[in-house]
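To start, the structure itself, in structure tokens.
Just so it is clear, the values below take in all heavy atoms, side chains as well, and ignore hydrogens, waters and symmetry mates. What you see is a predicted model, and the numbers here were worked out from it, not measured in a lab.
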Amino acid sequence: RVGTRQQNRRRVGRHRMSDERAGYSQTFRKAASAAEYERFYTPGTADHAVWTHEREILTDLLARRRADWPACDYLDFACGTGRVIEFMESRVSKSQGIDTSPEMLRVAATKLQRSELICTDITRSDVPEGMYDLITAFRFLLNAEPSLRVAVIKALAARLKNAESMLVLTNHGNPFSYKGAMWPIH
């Protein structure tokens with residue numbers, strides 16, 4: 001039963017989220033996909049428990065880096081429905097979210113006070129360049145096809161301001177990861 005849940009969690013419509021046939025940017029374009037994604041983080045779920053831990057990590061990271069980032073410019077890449085940027089918005093000086101899905105951004109906009117949301121493909125050359133102290137990409141690696149992962153990591157790395165800047169990626173949810181092997185309900 002756990003195995004079925006893990007497989008179903010990673011499906012939207014007929015395709016796995018990382019299925020090359022569907023493509024990452026196409027998978028999340030439907031309103032139903034945005035609503036389904038929001039349900040992953042309902043209190044009491046394993047994803048909510050992981051998010052609770054991730055919030056602690058982000059809070060600690062910001063506290064440790066305050067000297068390096070007195071005015072932290074922050075980018076939440078693949079911001080989706082706004083879970084991470086909503087948490088970070090009051091903790092940084094400037095916050096931007098980028099996603100390819102207008103439906104996901106529509107949900108995110110309802111949660112935010114001052115963040116800028118941009119609907120674009122960051123791997124295209126016509127995307128405006130921004131420079132950031134901190135960039136997060138939560139769940140992106142889990143959901144994107146391999147070729148897109150490489151292109152995005154290169155595009156994000158090019159947007160780091162300086163040597164003190166950080167790119168924080170997560171890959172939780174993979175049942176074959178060390179965490180997945182140690183925590184079967186994850």
Side-chain angles (χ1 to χ4, degrees), residues 10 17-20 22-29 33-34 37 40-41 47 50-51 53-55 57-66 68-105 107-109 111-112 114-174 177 179:
R10 296 183 60 204
M17 291 180 188
S18 61
D19 192 331
E20 297 229 21
Y24 176 83
S25 62
Q26 296 304 311
T27 302
F28 295 103
R29 293 216 180 251
S33 297
Y37 192 84
F40 288 160
Y41 295 95
D47 288 316
V50 170
W51 173 228
H53 182 65
E54 288 170 337
R55 286 191 308 255
I57 291 169
L58 288 170
T59 300
D60 181 58
L61 172 67
L62 288 172
R64 286 185 289 120
R65 298 306 296 258
R66 268 304 158 206
D68 296 327
W69 306 331
C72 183
D73 291 328
Y74 167 68
L75 172 65
D76 184 11
F77 172 74
C79 66
T81 60
R83 173 178 53 90
V84 180
I85 196 170
E86 178 185 24
F87 176 76
M88 296 293 286
E89 186 178 57
S90 66
R91 293 164 173 81
V92 297
S93 303
K94 178 182 165 191
S95 51
Q96 292 182 311
I98 292 180
D99 204 286
T100 59
S101 170
E103 293 300 327
M104 295 287 233
L105 291 174
V107 174
K111 302 174 183 181
L112 303 172
R114 60 178 180 83
S115 296
E116 178 184 8
L117 296 174
I118 304 164
C119 188
T120 192
D121 177 349
I122 201 168
T123 63
R124 291 192 344 237
S125 61
D126 62 339
V127 174
E129 293 293 322
M131 300 304 284
Y132 305 93
D133 298 299
L134 176 62
I135 301 173
T136 58
F138 281 31
R139 292 188 69 99
F140 172 76
L141 294 176
L142 172 68
N143 296 325
E145 57 270 19
S147 60
L148 182 58
R149 291 176 194 150
V150 171
V152 163
I153 290 172
K154 286 179 182 179
L156 294 176
R159 287 167 171 78
L160 294 171
K161 266 186 190 177
N162 55 42
E164 286 78 34
S165 301
M166 292 185 76
L167 173 56
V168 178
L169 306 165
T170 64
N171 193 27
H172 64 77
N174 181 344
S177 71
K179 193 179 276 187

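Partners of R91 according to the side-chain hydrogen bond (donor to acceptor under 3.5 Å, both in side chains) rule, which considers only residues two or more places apart in sequence or in another chain, do not exist here. Checked against side-chain contact (heavy atoms from CB on, under 4.5 Å), V150 has the following partners two or more places apart in sequence or in another chain: K154.
Contact check for I118 versus E116: side-chain heavy atoms found under the 4.5 Å cut-off. Put simply, the side chain of I153 does not reach to within 4.5 Å of the side chain of F140, judged on heavy atoms. For the pair D76 and F138, the minimum side-chain heavy-atom distance is 4.5 Å or more. For the pair K111 and I85, the minimum side-chain heavy-atom distance is 4.5 Å or more.
Rounding to the nearest 0.5 angstrom, the gap separating the CE atom in M104 from the CG atom in L117 is 12.5 Å. Residue R64 holds its CZ atom at 7.0 Å from CE of M166, rounded to the nearest 0.5 Å. Expressed to the nearest 0.5 Å, how far CH2 of W69 lies from CG of L62 amounts to 6.5 Å. Atoms CZ and CG, from R159 and L167 in turn, are 11.5 Å apart once rounded to the nearest 0.5 Å. Taking CD of E86 as the reference point, atom SG of C79 lies at 11.5 Å (rounded to 0.5 Å). To the nearest 0.5 Å, the span separating OG1 on T136 from CG on L75 amounts to 7.0 Å.
D73 places no side-chain N or O within 3.5 Å of a backbone atom of D133 that could act as its donor or acceptor partner. Side-chain atoms of T123 never come within 3.5 Å of backbone atoms of V152 as a donor-acceptor pair (strictly under, hydrogens ignored). Here the side chain of S165 pairs a donor or acceptor atom with the backbone of Y132 at under 3.5 angstrom.
Contact between C72 and R66 at its shortest, heavy atoms only, is CB-NH1, 4.5 Å. Across P70 and S93, no two heavy atoms sit closer than the pair O-OG, 4.2 Å.
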- request: Give the intermediate values and the outcome of side-chain contact (heavy atoms from CB on, under 4.5 Å) for residues T170 and V50.
  value: CA-CA 11 Å; T170 64; V50 170; over 6 Å; no
field: Working for side-chain contact (heavy atoms from CB on, under 4.5 Å), residues I57 and V168
entry: CA-CA 10 Å; I57 291 169; V168 178; over 6 Å; no
message: M88 vs L134, test: side-chain contact (heavy atoms from CB on, under 4.5 Å). Steps then yes/no.
response: CA-CA 11 Å; M88 296 293 286; L134 176 62; 3.5 Å; yes
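Side-chain contact of S115 with E89: a donor-acceptor pair under 3.5 Å is present, judged by distance alone.
A salt bridge between R139 and E54 is absent, with no side-chain N of the basic residue lying under 4.0 Å from a carboxylate O of the acidic one.
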